[in-house]
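Take a look at the structure set out below.
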Amino acid sequence: MTGPMTYRQHAVATLALGLPLAGGQLAQFAITLTDAVMLGWYDVTVLAAEILAGTLFFVLFIFGSGFAFAVTPLVAAAEGRGDTTQARRVTRMSLWLSMLYAVLTLPILLSAEPLLILLGQKPELAALAADYLDILGWGIFPALAVMVLKSHLAALERTKVVLVAMLVAAVVNGLFNYALIFGAWGFPELGITGAAIASLVMHLASLIFLVIYVQIATPEHALFQRLWRPDWEAFGQVFRLGWPIGTTTVAEVGLFAASSVMMGWLGEVPLAAHGIALQISSLIFMVHLGFSQAATVRVGRLHGRGAVAEIRRGAVVAITMSGIVVAFTIVAYLALPAFLIGLFLDPGDPARAEVIAIGTLLLAASALFQLVDAAQAMALGLLRGLQDTRLPMIYAAVSYWVVGCPVAYVLGFVLDWGGVGIWLGLATGLACAGVLMMGRFWRTVLPQLAAQPQTG
């Protein structure tokens, strides 16, 4: 293209990347969501245990995913320069770092019961959660490897295959869940253990599929050739960019994990309601995350080509698309809360009415932070595309742990607002992060880019 892109052209390009990425995120998240829905129908106590176990797994997984997330801007910039060798180098070393991290975290996942008891959870819930993680814990290896390959393919703008892989995995996981949780079709009834087995199988299947695809469809990258050879320069590059990304992400996820712990102090039913509301909110967040990743790829490629003038228009388009999703989400949360919460519960469960009542209030609180949650996600995606990760990490730590978590505790327990107070604390932390990160992109980073010579 010889001239500047129009907003319409940016919208088409962003949708072409963002929709498959959002779909892939939704499909991957559907694995966890399916566990929650089916276990909620199986037993509320088991659902509460899965929420605790899933939260611990996700916190550790998402921190380690920082090395995978670093692949997207690094490969995008390399591809923008036409440097296939550098794209291969950073992806390989991201796999190295991810697997080293998995080795370090596996003992935590396999000894979760005393940790959960130390955090104030009931022994019965801690024991069930440990049963779940004794199996799913091994999934940290394929899950992180899948994240690296997904990031690599996203940077190459090969997003449709990621969507297909995740959709198939979600469907098969659902079938395995139904068979192993409830004992359908002649399989044993394993409850929460069955859900863990189904999720582990799907992580492995997803990895095998993506490895085969990368090997066949992108031979020019020779990604797995001499994979065992260290490349310390690329290793250091991925590490320096990846650990702040992981820390930033885990700061937010950790805030939600802390909220789950605090909800557990209120009791089993509030924890179940919280888990359901959190699953619904997280499902919508996957859409924003998909568009955020698309923004990372597009900004990374534009930056790699030196096409600085296009970044502002692309950012406006990506943020606008995310805002449209926010508007629909708020309407759904306020108009259909009982219906959405009820999807996760057995109609005959005696705790159903109480869970729906609490969950309805939590979704109303969630509606308040949809805009700021989307804003911080999009700002992070844009900043990562420019490989700006250190200061956003500090913003996240302050917003979520200096502001959000203390406010959640004060509102929830000191002022005795219960679960709603905890969720309003989440909203406060997210609002702080959204304002700081958007401010950095628009008021600091973009003006600095505008001062540079523009070649695209």
Side-chain angles (χ1 to χ4, degrees), residues 29 32-33 35-59 62 116 119-122 124-126 128-129 132 192 252-286 329 332-334 336-346 349 351-370 373 400 404-413 415-430:
F29 180 75
T32 303
L33 183 63
D35 288 355
V37 171
M38 292 194 179
L39 288 173
W41 280 72
Y42 186 75
D43 183 82
V44 171
T45 300
V46 169
L47 171 61
E50 188 273 338
I51 291 167
L52 291 174
T55 298
L56 177 59
F57 181 89
F58 189 68
V59 167
I62 206 67
L116 292 172
L119 292 173
Q121 302 305 312
K122 294 180 179 179
E124 179 188 3
L125 293 180
L128 286 171
Y132 184 81
I192 194 170
E252 180 185 1
V253 173
L255 174 64
F256 284 91
S259 73
S260 295
V261 172
M262 286 188 275
M263 290 297 293
W265 297 342
L266 295 175
E268 182 180 302
V269 171
L271 177 59
H274 163 81
I276 293 171
L278 193 57
Q279 291 283 350
I280 295 170
S281 297
S282 299
L283 180 67
I284 298 300
F285 182 74
M286 294 300 107
T329 301
Y333 283 5
L334 296 179
L336 302 169
F339 170 76
L340 294 172
I341 298 292
L343 292 174
F344 290 76
L345 298 166
D346 186 340
D349 195 308
R352 178 184 173 87
E354 188 178 358
V355 171
I356 289 177
I358 297 172
T360 297
L361 294 175
L362 299 183
L363 280 185
S366 177
L368 293 176
F369 66 67
Q370 286 302 303
D373 198 15
Y400 302 138
C405 195
V407 170
Y409 181 83
V410 169
L411 294 180
F413 297 95
L415 298 182
D416 201 24
W417 291 7
V420 173
I422 292 172
W423 275 58
L424 290 176
L426 299 180
T428 304
L430 291 168

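Just so you know, these numbers come straight off a predicted model, no measurement behind them.
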- Using the side-chain contact (heavy atoms from CB on, under 4.5 Å) rule, take Tyr400 and Leu430 through it: C-alpha gap first, then chi angles, then the decisive distance, then the call. CA-CA 7 Å; Tyr400 302 138; Leu430 291 168; 3.8 Å; yes
- Start with the C-alpha distance between Ile358 and Val269, add both sets of side-chain angles, then the distance that settles side-chain contact (heavy atoms from CB on, under 4.5 Å), and finish with yes or no. CA-CA 9 Å; Ile358 297 172; Val269 171; 4.1 Å; yes
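Scanning all heavy atoms of the two residues, the minimum distance from Ser366 to Trp423 falls at CB-CZ3, 3.5 Å. The two residues Gly419 and Met263 come nearest to each other via the heavy atoms CA-SD, 3.6 Å. Nearest heavy-atom pair, Gly421 versus Leu411, reported as atom, atom and distance to 0.1 Å: O-CB, 3.5 Å. The two residues Leu271 and Ser260 have their closest heavy-atom pair at CD1-O, 3.5 Å. A pairwise comparison of heavy atoms in Leu362 and Ala277 identifies CB-CB, 3.9 Å as the closest pair.
Looking only at side-chain heavy atoms (C-beta outward), Leu39 and Ile192 come within less than 4.5 Å of each other. Taking the side chain as every heavy atom from C-beta outward, Leu52 and Leu125 approach each other to under 4.5 Å. Counting heavy atoms from C-beta on, the side chains of Glu252 and Ile62 never come closer than 4.5 Å. By the 4.5 Å heavy-atom criterion applied to side chains, Ile280 and Leu343 are not counted as neighbours. The shortest distance between side-chain heavy atoms of Ile356 and Arg352 falls below 4.5 Å. At least one side-chain heavy atom of Trp265 sits less than 4.5 Å from a side-chain heavy atom of Phe413.
Separation of atoms CZ (Phe285) and CD (Gln370) is listed at 10.0 Å; rounding is to 0.5 Å. Atom SG of Cys405 and atom CZ of Phe256 lie 12.0 Å apart (nearest 0.5 Å). For the atom pair CD (Gln279) and CD1 (Ile284), the distance works out to 12.5 Å, reported to the nearest 0.5 Å. Here CD of Glu50 is found 11.5 Å from CG of Leu128. Values are rounded to the nearest 0.5 Å. For the atom pair CD1 (Ile422) and CG (Leu266), the distance works out to 5.0 Å, reported to the nearest 0.5 Å.
Put simply, the side chain of Ser281 never gets that close to the backbone of Leu278: no donor and acceptor are under 3.5 Å apart.
Applying side chain to side chain contact (heavy atoms under 4.5 Å, CB included) to Leu340 and the options Leu363, Ile276, Thr360 leaves one that passes, Leu363.
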